[in-house]
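Below is one structure, written out as structure tokens, with a few remarks after it.
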Protein chains: 2
Amino acid sequence: MDSRQIQQVRHFNRVVTQRIGALEESYLRRGRPLGEARLIFEAGAHGADVRALRSKLGLDSGYLSRLLRSLEAQGLILVDKQIGDGRLRRVSLTPKGQAEFAAYEGLSDELAQSILAPLEAAQRDRLVDAMAEVERLIRVAAVDVRIEAPGSEDARWCLDEYFHELTERFESGFDPTKSNPARDDEMAPPAGVFIVARLDGCPAGCCALKFGDKTTGEIKRMWTASSARGRGIARKMLQTLEAIARDAGLTALRLETNRTLKEAQALYRSEGYREVAPFNDEPYAHHWFAKDL
Amino acid sequence: MDSRQIQQVRHFNRVVTQRIGALEESYLRRGRPLGEARLIFEAGAHGADVRALRSKLGLDSGYLSRLLRSLEAQGLILVDKQIGDGRLRRVSLTPKGQAEFAAYEGLSDELAQSILAPLEAAQRDRLVDAMAEVERLIRVAAVDVRIEAPGSEDARWCLDEYFHELTERFESGFDPTKSNPARDDEMAPPAGVFIVARLDGCPAGCCALKFGDKTTGEIKRMWTASSARGRGIARKMLQTLEAIARDAGLTALRLETNRTLKEAQALYRSEGYREVAPFNDEPYAHHWFAKDL
DNA sequence: TCCATTCTCTGACTTTAGTCAGATATCTCT
DNA sequence: AGAGATATCTGACTAAAGTCAGAGAATGGA
């Protein structure tokens with residue numbers, strides 16, 4: 001990472017956040033404190049419960065409560081008990097609140113137009129493309145890869161999606177009971193680890209490592225959500241697991257995969273895995289790979 | 001401008017400003033109120049006068065004064081009379097303030113690194129390029145084209161640069177006394193207008209229109225700063241003058257140019273100007289153009 | 001010289017944002 | 001039914017940010 005790149009990023013931070021920040025100030029205030037405006041915006045068209053708002057906006061519960069009282073007094077929101085759990089409160093916009101929300105929506109559009117309007121068509125296209133690229137990569141930079149229990153809610157969700165995808169993609173379909181199993185306890189300490197990758201807090205991929213015979217580990221359950229592909233998330237998970245394997249004293253990793261999973265094979269090859277003779281009898285596998293750490 | 005583009009811009013505004021804003025919060029605070037931190041940052045290595053700080057940061061004079069008192073009490077800045085104008089105060093950093101400033105610099109670098117570090121080299125390159133593009137175009141979108149007296153300080157500066165450039169670029173050099181003149185009063189109401197384009201407040205180009213014989217106007221002194229080329233500034237100035245000409249009831253515009261100014265000729269052609277027979281005896285001209293409005 | 005203007009400063013405010021320690025109601029688990 | 005956890009609310013704070021009216025010094029131009 002050279003210093004020219006760092007300077008460019010700093011420059012971008014200054015110029016772009018300042019300009020857009022200033023525009024947001026002037027467009028989105030509508031004579032209301034920012035906290036209240038954000039709250040209306042987040043409660044949005046469908047409403048939300050107070051707990052969700054608190055965690056999304058990162059506010060103190062006392063503070064949030066007061067903001068809600070204020071919006072209630074202005075006749076913009078209704079707060080009533082959540083059916084099901086009587087501790088939770090549900091926030092919804094009154095018709096007047098909906099109107100406010102619509103006004104914010106309109107102003108956000110205007111703000112975006114005020115950026116695009118002075119440009120020529122070709123410049124607009126380039127700006128929009130470049131913004132999409134920056135946004136995409138900023139999100140990628142914030143990918144959070146974390147060790148997690150294979151039984152956790154998000155891990156379960158990933159595995160379900162993974163199996164579902166295999167069923168779709170394998171020519172012969174996929175029946176977990178016919179495949180070599182990887183039980184939860186094999187993917188959790190001390191026998192192994194399970195990692196989940198998250199994009200903006202939403203699970204976007206998973207992967208597991210079984211420590212195996214203490215010299216050779218096995219990679220299992222490598223999966224990336226289709227909505228999050230092409231961002232290097234699988235590579236990042238693989239590299240994370242390799243680092244964990246090295247720390248655990250393993251000297252090699254191996255894995256098997258199905259011939260329909262072309263992108264996975266390309267990843268393994270580019271990360272230095274070599275195809276080897278079958279080392280197990282997994283019925284759904286067509287390729288076996290290994291790498292020395 | 002389609003709504004998909006507007007949505008992309010809005011999305012960018014949300015995701016990117018939020019993420020970078022949050023990072024700046026966590027990196028740049030150093031246990032100090034944001035206002036004070038910004039002030040140290042702006043006063044910077046070379047110091048600044050209070051008026052410049054006030055307009056740059058957009059602060060109330062009373063508020064700014066209080067911030068300065070606070071930083072002074074912390075031993076971070078010195079405030080003394082400006083030599084020349086005794087009403088102005090000059091702010092400069094003490095050695096302790098310089099150290100604070102350096103710390104902010106270091107943290108800004110760290111912040112930038114924290115964005116780049118999780119990415120692969122190729123992704124980093126793409127992010128930096130896309131950021132440069134966004135920054136460039138956001139600046140372009142904020143180009144400010146304004147009618148101005150040809151005698152104003154910035155107009156003078158533009159014209160000096162313009163003549164200097166002609167001297168460099170014309171094969172025969174350029175001597176203003178041998179060229180057909182355009183006097184200041186011909187480029188100001190009621191005889192004409194002079195416009196200056198600014199990028200972030202700095203003059204980046206100029207252009208003049210002489211109303212001429214009330215049906216046909218003349219474009220003169222079209223110039224863009226070399227540091228600001230390739231951003232459509234000249235085109236924007238030209239379009240601005242055409243709009244003014246139309247409003248003034250003119251039905252045609254014409255201009256002459258030198259053969260070495262290839263990019264200007266390309267601009268005129270692409271904006272619908274056709275080459276015509278010489279309509280004056282400007283000794284430095286090789287091409288004459290005209291356009292019906 | 002004098003008068004309007006410019007620039008900075010001070011005092012007296014308000015609003016916004018945020019924290020913290022309980023109080024109260026409700027839920028979950030045993 | 002009771003213990004402990006969870007979710008929200010209230011009261012009592014503080015800090016930061018910002019506004020407004022005017023005072024006082026310096027300047028620029030008539």
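We name chains A, B, ... by the order of the sequence lines, and we start the count at 1 in each one. Values below: every heavy atom of this structure, side chains too, minus hydrogens, waters and symmetry copies. Keep in mind that this is a model prediction, so the values were computed, not measured.
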Phosphate oxygens OP1/OP2 of [N]: is one of them under 4.0 Å from a side-chain N or O of [X]?
{"X": "A:Lys81", "N": "C:dT26", "value": "yes"}
{"X": "A:Arg89", "N": "D:dA7", "value": "no"}
{"X": "A:Arg51", "N": "D:dT8", "value": "no"}

Looking across every strand, which nucleic acid part, if any, lies under 4.0 Å from [X] by heavy atom: base, sugar-phosphate, or nothing?
{"X": "B:Arg66", "result": "base"}
{"X": "A:Gly84", "result": "sugar-phosphate"}
{"X": "A:Leu34", "result": "sugar-phosphate"}

Separation of [N] [atom2] from [X] [atom1] (nearest whole Å):
{"X": "A:Gln82", "N": "D:dC9", "atom1": "CD", "atom2": "P", "value": "13 Å"}
{"X": "B:Tyr63", "N": "D:dA17", "atom1": "OH", "atom2": "P", "value": "4 Å"}
{"X": "A:Leu68", "N": "D:dT8", "atom1": "CG", "atom2": "C1'", "value": "10 Å"}
{"X": "B:Leu64", "N": "D:dC20", "atom1": "CG", "atom2": "P", "value": "17 Å"}
{"X": "A:Arg32", "N": "C:dT16", "atom1": "CZ", "atom2": "C1'", "value": "14 Å"}
{"X": "A:Arg87", "N": "D:dC9", "atom1": "CZ", "atom2": "P", "value": "14 Å"}
{"X": "B:Leu59", "N": "C:dC7", "atom1": "CG", "atom2": "C1'", "value": "15 Å"}
{"X": "B:Arg90", "N": "C:dT8", "atom1": "CZ", "atom2": "C1'", "value": "16 Å"}

* Asked: Would A:Glu135 and B:Arg19 count as a salt bridge (Lys or Arg N to Asp or Glu O under 4.0 Å) if you check the C-alpha gap in whole Å, the side-chain angles of each, and the deciding distance to 0.1 Å?
  -> CA-CA 10 Å; A:Glu135 185 189 327; B:Arg19 175 96 61 203; over 6 Å; no
Q.
Closer than 4.0 angstrom, basic N to acidic O: yes or no for A:Arg66 and A:Glu72?
A. no
**Item:** Electrostatic pair A:Arg10-B:Glu105, nearest N-O below 4.0 angstrom
**Value:** yes
Of A:Arg38 and B:Ala52, the one whose nearest nucleotide on DNA chain C sits closer to the 5' end is B:Ala52
5'-most contact on DNA chain C (nearest-nucleotide basis), A:Asp85 vs B:Asp49, goes to B:Asp49
- Task: Indicate yes or no for a side-chain donor-acceptor contact from B:Ser65 to the backbone of B:Ser61 under 3.5 Å, with no hydrogens or angles considered.
- Result: no
Would you call the rings of B:Tyr104 and B:Phe41 parallel, tilted or perpendicular, where under 30° means parallel and over 60° means perpendicular? perpendicular
Side-chain contact check for A:Pro33: nearest option of C:dT19, C:dA17, D:dC9 is C:dA17
